[in-house]
Amino acid sequence: QVQLVESGGDLVQAGGSLRLSCAASGSIFSINAMGWYRQAPGKQRELVAAITSGDSTNYADSVKGRFTISRDNAKNTVYLQMSSLKPEDTAIYYCNAEVSTAAQAMGVLTVYHYDYWGQGTQVTVSS
């Protein structure tokens with residue numbers, strides 16, 4: 001089993017900054033892409049930013065130039081630095097990770113791939 005634990009959500013004024021963290025733990029063989037999604041009340045969950053194991057990044061147009069995603073592979077952690085926050089950034093932010101786990105039996109290593117989600121962290125931006 002793998003757990004993703006997010007932290008860093010808070011109430012902040014418009015124009016402020018926050019840094020979200022998401023640490024993965026458990027039976028991890030490797031972590032491929034990691035990303036941040038958000039869901040505002042009454043809206044669908046949407047991709048905010050993603051980063052591959054090779055550090056290629058992808059951002060939603062609404063956050064380009066304001067948010068930066070990064071990862072620390074040694075700590076199995078992904079970060080989201082959010083600046084110039086706007087009220088429309090208010091949402092629950094979820095961490096996602098594509099995790100590979102491995103099992104060995106009779107000399108054969110088998111790798112499995114799973115998609116994991118964190119429990120979410122609330123970001124509220126007041127105007």
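Computed from a prediction, not measured in an experiment: that's the story for all the values here.
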Going by the rule side-chain hydrogen bond (donor to acceptor under 3.5 Å, both in side chains), which residues pair with [X] if we only count those two or more places apart in sequence or in a different chain?
X     : answer
Ser83 : none
Gln81 : none
Glu88 : none

Query - Cluster link Ile92 to Val78, ILVMFWY, side chain under 4.5 Å - result: no
Query raised in the report: Is Tyr94 linked to Val99 within one hydrophobic cluster, defined over Ile, Leu, Val, Met, Phe, Trp and Tyr using a side-chain heavy-atom separation of less than 4.5 Å?
Result: no
Report task. Tell me, with the steps shown, if Asn96 and Trp36 meet side-chain contact (heavy atoms from CB on, under 4.5 Å). Result -> CA-CA 6 Å; Asn96 173 267; Trp36 289 95; over 6 Å; no
Report task. Give a yes or no on this: more than 12 heavy atoms of other residues, nucleotides or ligands lie within 6.0 Å of atom CD of Gln1. Result -> no
Work out which heavy atom in [X] is nearest to a heavy atom in [Y]; give both atom names and the distance.
X      : Y      : value
Val111 : Ser100 : CG1-CB, 3.8 Å
Phe29  : Ala102 : CD1-CB, 3.6 Å
Val2   : Ser27  : CG2-O, 3.8 Å

Query raised in the report: With a cutoff of under 4.5 Å between side-chain heavy atoms, which Ile, Leu, Val, Met, Phe, Trp and Tyr residues group with Met106?
Result: none
Distance from [X] atom [atom1] to [Y] atom [atom2], nearest 0.5 Å?
X     : Y      : atom1 : atom2 : answer
Ile28 : Thr101 : CD1   : OG1   : 9.5 Å
Cys95 : Tyr116 : SG    : OH    : 13.0 Å
Ser70 : Ile51  : OG    : CD1   : 6.5 Å
Thr77 : Glu6   : OG1   : CD    : 11.5 Å

Side-chain polar contacts of residues 19-26 - donor-acceptor pairs under 3.5 angstrom, sequence neighbours left out - could you list them?
none

Pairs satisfying salt bridge (charged side-chain N to carboxylate O under 4.0 Å, His left out), at least one member in [range], at least two apart:
range            : result
residues 51-60   : none
residues 67-78   : none
residues 114-127 : none

Query raised in the report: Does Ala50 have any side chain to side chain contact (heavy atoms under 4.5 Å, CB included) partners at least two apart in sequence or in another chain, and if so, which?
Result: Leu47
Report task. Begin with the C-alpha distance, continue with both residues' side-chain angles, and end with the deciding distance and a verdict on side-chain contact (heavy atoms from CB on, under 4.5 Å) for Ile31 and Asn73. Result -> CA-CA 8 Å; Ile31 300 180; Asn73 292 325; over 6 Å; no
Requested in this report: Take Met82 and Val123 through the side-chain contact (heavy atoms from CB on, under 4.5 Å) test and state the conclusion after the steps.
Outcome: CA-CA 10 Å; Met82 305 185 293; Val123 172; 3.9 Å; yes
Query raised in the report: Quick one: ring-ring contact (aromatic ring centres under 6.0 Å, His included) pairs with a partner in residues 39-92, sequence neighbours left out?
Result: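 Listed once each, the pairs would be none.
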Report task. Sort and list the pairs that fulfil side chain to side chain donor-acceptor pair (under 3.5 Å) and have at least one residue in residues 8-18, not counting sequence neighbours. Result ->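 Those involving residues 8-18 do not exist here.
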Query raised in the report: Would Thr90 and Gln122 satisfy side-chain contact (heavy atoms from CB on, under 4.5 Å), going step by step from the backbone distance to the final call?
Result: CA-CA 8 Å; Thr90 295; Gln122 177 70 48; 4.1 Å; yes
Query raised in the report: Got a donor-acceptor contact below 3.5 angstrom from the Ser53 side chain to the Asn32 backbone?
Result: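 Pair absent, no side-chain N/O of Ser53 close to backbone of Asn32.
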Under 3.5 Å donor-acceptor pairs involving side-chain atoms of residues 37-45, not counting sequence neighbours:
{"residue": "Arg38", "atom": "NE", "partner": "Glu46", "partner atom": "OE2", "Å": "2.7"}
{"residue": "Arg38", "atom": "NH1", "partner": "Asp89", "partner atom": "OD1", "Å": "2.9"}
{"residue": "Arg38", "atom": "NH1", "partner": "Tyr93", "partner atom": "OH", "Å": "2.9"}
{"residue": "Arg38", "atom": "NH2", "partner": "Glu46", "partner atom": "OE2", "Å": "3.3"}
{"residue": "Arg38", "atom": "NH2", "partner": "Ser62", "partner atom": "OG", "Å": "3.3"}
{"residue": "Gln39", "atom": "NE2", "partner": "Lys43", "partner atom": "O", "Å": "3.1"}

Query raised in the report: Does a side-chain heavy-atom distance below 4.5 Å link Thr68 with Leu80?
Result: no
